K.L.:
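I have a structure I would like to understand better, so I am pasting it below and will then ask my questions one at a time.
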Amino acid sequence: MKISELLHDKKIRISCELFPPKLGSGLANVKEVVKEMAQLAPSYMSITYGATGGTSEYTVEIANEIKNVNHIPALAHLTCASSTKEKVHSVIGQLKEAGIENILALRGDLPKDADFPLPNQYKYASELIYDIKSQGDFCIGGACYPEGHPEAETMNEDLVHLKEKVDAGCDFLTTQMFFDNNIYYNFMYKILQKNICVPVVAGIMPVTRSSQLKQIVSLSGNMVPPRFKAIVDRFADNPAAMRQAGIAYATEQIIDLIANGVNHVHIYTMNKPDVAGEIFNNLSEIYVRN
Ligand code: FAD
């Protein structure tokens with residue numbers, strides 16, 4: 001099923017995210033995680049492409065496991081900055097063969113060498129999106145950054161490029177994680193002013209270890225609100241308490257979003273079905289599986 005169809009009615013949709021294992025290790029474990037996560041009946045599950053230390057080589061296989069073995073709509077991430085166009089075309093072909101209809105099209109991290117992009121590479125996600133559109137009938141998602149992408153000099157510049165990305169053929173957007181919902185609400189006003197009208201799925205990250213937060217802030221430059229900083233300061237040395245408080249904080253964020261009319265939430269569940277399970281439990285009367 002195409003995710004655009006799921007996002008175009010008024011139902012509450014909650015999705016989960018997984019990352020693939022490193023090459024040669026743990027594929028069976030991740031397939032087990034897919035199974036456990038699927039039992040929570042998320043609206044769809046996404047699988048990253050080479051992020052968080054995993055390898056892109058398994059993304060198609062895990063997307064296939066999500067869709068064709070566990071019968072949950074799958075969203076395969078696909079990055080382009082570290083690949084040639086030929087490699088990207090071959091992955092699109094594999095996705096088509098596996099019947100995966102949804103692709104989250106991303107640029108990915110910039111390669112370290114200065115020659116980027118070579119003539120057979122894409123420079124921005126918008127070029128990749130445009131190309132995917134020409135390769136088949138895919139539903140295409142893109143990333144957006146309520147606090148601005150770290151490379152963008154101004155928020156306005158980032159929004160101008162976001163509009164180009166949507167115009168290239170994005171059917172929906174998913175936000176970078178944020179820890180203060182007002183950042184999301186303000187962002188929604190800003191994108192409306194740019195006439196960006198596709199659904200915007202709110203990305204929520206349950207932070208269950210204090211070290212996770214340092215990593216997130218250094219990678220994405222997220223603002224940490226004082227209320228959340230106090231939690232981390234208070235419970236950093238008590239892992240069980242930090243985990244419980246992190247799950248409660250993410251749950252509260254999701255409930256506040258839904259209460260304010262945001263029906264689409266993506267949880268960065270990071271291969272932790274136990275954490276996802278507790279959040280879904282906390283929402284058992286709010287999120288009706290469908
Ligand atoms: P783009 O949309 O290309 O934007 C990158 C930068 O270029 C921005 O600053 C933008 O303003 C600027 N820009 C865009 N177009 C132009 C233009 N025409 N002229 C000048 N500047 C321009 N990474 C992974 O490696 N694997 C994953 O699976 C993955 N999943 C992600 C999922 C989500 C929901 C999010 C939010 C991020 C994910 N990332 C992933 C991280 C992502 O790859 C990085 O944030 C990357 O730096 C930017 O990717 P993008 O697709 O947003 O790039």
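When a ligand or atom number is given, it counts from 1 through the structure's own listing order. Because only heavy atoms are used, hydrogens play no part in the values below, and waters and symmetry mates are left out as well, while side chains stay in. Note that this is a predicted model, so its numbers are computed, not measured.
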K.L.:
Going by the angle between their ring planes, with limits at 30° and 60°, are Phe179 and Phe228 parallel, tilted or perpendicular?
P.N.:
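Taking Phe228 first and then Phe179, their aromatic rings lie parallel (interplane angle under 30°).
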K.L.:
Under 3.5 Å, is there a donor-acceptor pair linking the side chains of Tyr185 and Asp256?
P.N.:
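There is such a pair between these side chains.
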K.L.:
For ligand 1, list the protein residues that place a heavy atom within a distance below 4.0 Å of one of its atoms, sorted by chain and number.
P.N.:
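Close residues (ligand 1, cut-off 4.0 Å): Thr48, Tyr49, Ala51, His77, Thr79, Leu104, Leu106, Arg107, Gly108, Tyr124, Ala125, Ala143, Tyr145, His149, Glu151, Ala152, Asp158, His161, Glu164, Lys165, Thr174, Gln176, Tyr268.
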K.L.:
For Glu17, is there any backbone N or O sitting under 3.5 Å from a side-chain donor or acceptor partner on Thr269?
P.N.:
yes
K.L.:
Can you find a side-chain donor-acceptor pair between Ser46 and His77 that sits under 3.5 Å?
P.N.:
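Yes.
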K.L.:
Can you label the angle between the His266 ring and the Tyr44 ring as parallel, tilted or perpendicular, going by 30° and 60°?
P.N.:
parallel
K.L.:
Got a donor-acceptor contact below 3.5 angstrom from the Asn102 side chain to the Ile3 backbone?
P.N.:
yes
